[in-house]
There are 2 protein chains.
Amino acid sequence: MGRKKETVTIYDVAREAGVSMATVSRVVNGNPNVKPLTRKKVLETIRRMGYRPNAVARGLASKRTTTVGVVIPDISYAFFAELARGIEDIANMYHYNIILCNSDLKKEKELQLIEALFEKQVDGLLFLGGEVTDEHREIFSGSDIPVVLAATRDEKEKNRPFVTIDQVQAAKEATEVLIREGHRRIGLLGGPLTDPIIGYPRYLGYREALLDNGFTLEEKWIRLGNYRYDSGLKAAKELLGTEEGPTAFFAVNDEMAAGALHAAQDLGKRVPEEISVIGFDNIPLASQIRPLLSTVAVPMYDIGAVAMRLLTKYMNDEPIEKNQVVLEYRLELRDSTRLQGELAH
Amino acid sequence: MGRKKETVTIYDVAREAGVSMATVSRVVNGNPNVKPLTRKKVLETIRRMGYRPNAVARGLASKRTTTVGVVIPDISYAFFAELARGIEDIANMYHYNIILCNSDLKKEKELQLIEALFEKQVDGLLFLGGEVTDEHREIFSGSDIPVVLAATRDEKEKNRPFVTIDQVQAAKEATEVLIREGHRRIGLLGGPLTDPIIGYPRYLGYREALLDNGFTLEEKWIRLGNYRYDSGLKAAKELLGTEEGPTAFFAVNDEMAAGALHAAQDLGKRVPEEISVIGFDNIPLASQIRPLLSTVAVPMYDIGAVAMRLLTKYMNDEPIEKNQVVLEYRLELRDSTRLQGELAH
DNA sequence: CTGTTAGCGCTTTCAA
DNA sequence: TTGAAAGCGCTAACAG
């Protein structure tokens, strides 16, 4: 009593069943080269002895662990949680498990995590959001483990596989919705411009929309936040309180957009009659507030799923026709803009 | 070119540094019994050769993988995402990685996942939400791997470690808020009564509140949903449309509560003047809608963190003073009830 | 269809 | 403080 359970190994099963380890290994791995009767016998003693294959030993011998590493900024963000779900579903479908790591977008942590994942001999790595620096590239290229980027891309190493959407174009189109509505004073609720994944490209799209349509970029209508609801709320309140405040907001994500929407309401302005708001991502929150938030619908689940599927191809040496995929987005115009309906991209 | 990168092993390092494998192993593992000069020399050649320890081999030899399995219903639910964050943070702090698996609360999938995790030789397992059946117990007890439950408990096996809150009591108190406001017709937006973790206990709390306060349980004011916003919205609309509809709702989670709140608003009823709503969990959504949602604040992050910490104690054979912990919750009364302020439990 | 035999890369006594 | 050697449990040729 109290002592460790005896672990039964493939060798024990072999002895009991009166066959060799190799044969047991074959039936465990579904190798067809086993006489049905032998298979039956082995299966029976496996069941009887409660044998459970040791995946670590298998991993060492076969050099495949059937687990993939996933480095993600923060699983508690709806956006990434949904992405992770897409990843895990496909991983599961192909019999992989995922080791999930939150990086908080900190470079040092990312590097350390990637290193740890490589030590654990993951068969592949999915790297989400966060800038790919030379140090990342160095680790990536120092090993044969396939790496695919999801919801981001490497601006420098041009052939690194990725799955994402066209952030700039989407941001531009979202801003243009506001322009088409007749707004002339359009505020930006942005993220850090140092964020090459969200903050910067979506800012670029906003900028392009204004300039292409004959507007000038007004610093005073731009506020950079941290993607959270509160930062959108606060920034919008400030802007709305100024003399010549914006009459519409493009927020680079839905949380901040929701904050802006409520800021307007809290100040007694009606949305969308007086103030229009458009967000980005289409997380559940967008359809859980009133008025319903107009937004750019990003296929979050699909980004994760497609990226994972691509990774499986690398891991199994399947032919790869396209290793960089740009998924489509939609403009989902609900009730926080006067323009409404679903606009195909 | 194109051929596999040569993997450098501990043996290569030993040869190059002119020491034995054992010595290299010692410095890699921080064993103090190494002469400083030797350590320096080894470290140097490790760096020079780009040696990366193989955690799989280490795992096989040492029988510790420093990874723990996490079986969770659905990471895309805000509630579980937040819990997962708590888990991962603490895991990371103790140098463990987590293998994250979504079970969708399906028993068969749970069992298969647990089995796979055990095969992968995880050092411990965190099992979240979902009923613990005899089949679960059989797998759990068939191995020495420590298992702790989070956000749930085992009603039958009385000494299985867990970390959760008192669901029944919390639900009761939430319902009593509505009673104290003077409501006599209180609707329940519940989950499946077959869910022993959320649906059933929170229903029990609602029931107790009514009966203890001299009310009768009215079937017609009870609607069972699937925890999602839409199901709360739909159920509340139906109830509000009936002759003698409820004037207040207790929803067993915030998403459904938000749905109810909007249902009331969509029907032109004011919250909380005409209709009160109280939710459960305190996910971010609760403070991202108007009016702000009153709710039971569940320490989601802490449940995950404490459960993981408890698990580390098991994995490291630390003394355990308390292996079943019931965390405190708070009533966070915001603007969807007339009673307001933060009520300590 | 089945068995034999090397490892996989590392930890861990046990001696020295 | 260091080294030698025996595994950890399994896969993968190879031989038959």
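Quick note on labels: first sequence line is chain A, next is B, and so on, each numbered from 1. The structure displayed is predicted, hence computed values, not measured ones.
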K.L.:
With nearest nucleotide decided by heavy atoms, which residue, B/R26 or B/L60, maps closer to the 5′ end of DNA chain D?
P.N.:
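The residue closer to the strand's 5' end, by nearest nucleotide, is B/R26.
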K.L.:
Could you tell me if the side chain of A/Y51 sits less than 4.5 Å from the side chain of A/I10, heavy atoms only?
P.N.:
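Side chain of A/I10 against side chain of A/Y51, heavy atoms only: contact under 4.5 Å found.
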K.L.:
Heavy atoms within less than 4.0 Å of DNA chain D: which residues of residues 27-53 of chain A have one? Give them sorted by number.
P.N.:
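Per residue number, the list reads A/N29, A/Y51, A/P53.
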K.L.:
Taking any atom closer than 4.0 angstrom to a non-hydrogen atom of chain B, what span of DNA chain C does the protein reach, first nucleotide to last?
P.N.:
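Boundary nucleotides touching chain B, in 5' to 3' order, are C/dG9 to C/dT12.
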K.L.:
Where each residue is assigned the nucleotide of DNA chain D containing its nearest heavy atom, which of A/A61 and B/K63 is assigned the position nearer the 5′ end?
P.N.:
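First, find each residue's nearest nucleotide; the 5'-ward one identifies B/K63.
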K.L.:
Anything under 4.0 Å to a heavy atom of chain B counts; send over the first and last such nucleotide of DNA chain D, read 5' to 3'.
P.N.:
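Terminal contacting nucleotides, 5' to 3': D/dT1 to D/dG9.
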K.L.:
What pairs with A/K107 under salt bridge (Lys or Arg N to Asp or Glu O under 4.0 Å), at least two apart in sequence or on another chain?
P.N.:
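Residues passing salt bridge (Lys or Arg N to Asp or Glu O under 4.0 Å) with A/K107: A/E135.
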K.L.:
Give me each pair satisfying salt bridge (charged side-chain N to carboxylate O under 4.0 Å, His left out) with a member in residues 114-132 of chain A, each pair once, sequence neighbours excluded.
P.N.:
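Listed once each, the pairs are A/E115-B/R52.
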K.L.:
Check salt bridge (Lys or Arg N to Asp or Glu O under 4.0 Å) between A/D302 and all other residues, then give those that pass, not counting sequence neighbours.
P.N.:
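A/D302 satisfies salt bridge (Lys or Arg N to Asp or Glu O under 4.0 Å) with no other residue.
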K.L.:
In chain order, what residues pass the salt bridge (Lys or Arg N to Asp or Glu O under 4.0 Å) check against A/R137, with sequence neighbours excluded?
P.N.:
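A/R137: salt bridge (Lys or Arg N to Asp or Glu O under 4.0 Å) contacts with A/D134, A/D154.
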K.L.:
If I take atom OG from residue B/S141 and atom CG from residue B/D144, how far apart are they, to the nearest 0.5 angstrom?
P.N.:
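These two atoms lie 10.5 Å from each other.
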K.L.:
May I ask you to test the A/F162-A/V326 pair for a side-chain heavy-atom distance under 4.5 Å?
P.N.:
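They are in contact (side-chain heavy atoms under 4.5 Å apart), so the answer is yes.
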K.L.:
About how many Å separate CG of A/L126 and CD1 of A/I98, when rounded to the nearest 0.5 Å?
P.N.:
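Those atoms lie 8.5 Å apart.
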K.L.:
Give the angle between the helix axes at the two ends of the helix from C/dC1-D/dG16 to C/dA16-D/dT1, taking five base pairs at each end and rounding to 10°.
P.N.:
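The value is 30°.
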K.L.:
Any pair with a residue in residues 22-42 of chain B that passes salt bridge (charged side-chain N to carboxylate O under 4.0 Å, His left out), sequence neighbours left out, goes on the list, sorted by first then second residue, please.
P.N.:
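As it turns out, there is no salt bridge (charged side-chain N to carboxylate O under 4.0 Å, His left out) pair with a partner in residues 22-42 of chain B once direct neighbours are skipped.
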K.L.:
Within residues 18-25 of chain A, find the residues that approach DNA chain D with a heavy atom at under 4.0 Å, and present them sorted by residue number.
P.N.:
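Heavy-atom cutoff 4.0 Å gives A/M21, A/A22, A/S25.
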K.L.:
Measuring from atom CG of B/N97 to atom CD of B/E88, what distance do you get when rounded to the nearest 0.5 angstrom?
P.N.:
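B/N97 CG to B/E88 CD: 7.5 Å, rounded to 0.5 Å.
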K.L.:
Quick one: pull up NZ in A/K106 and CG in A/L111 and give me the separation to the nearest 0.5 Å.
P.N.:
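So the NZ of A/K106 and the CG of A/L111 are separated by 13.0 Å.
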K.L.:
Ignoring hydrogens and geometry beyond distance, is a side-chain donor-acceptor pair present between A/Y94 and A/N316 at under 3.5 Å?
P.N.:
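On atom types as modelled, these side chains do not qualify, holding no pair under 3.5 Å.
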K.L.:
Looking at every non-hydrogen atom in both residues, tell me the closest pair between B/A84 and B/I75 and how far apart they are.
P.N.:
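Looking at all heavy atoms of both residues, the closest pair is CB-CD1, 3.6 Å.
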K.L.:
How would you list all residue pairs meeting salt bridge (charged side-chain N to carboxylate O under 4.0 Å, His left out) that involve residues 313-322 of chain B, not counting sequence neighbours?
P.N.:
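Sorted pair list: B/R309-B/E318, B/K313-B/E321.
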K.L.:
In chain order, what residues pass the salt bridge (Lys or Arg N to Asp or Glu O under 4.0 Å) check against A/E44, with sequence neighbours excluded?
P.N.:
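In terms of salt bridge (Lys or Arg N to Asp or Glu O under 4.0 Å), with neighbours along the sequence ignored, A/E44 is linked to A/R47, A/R48.
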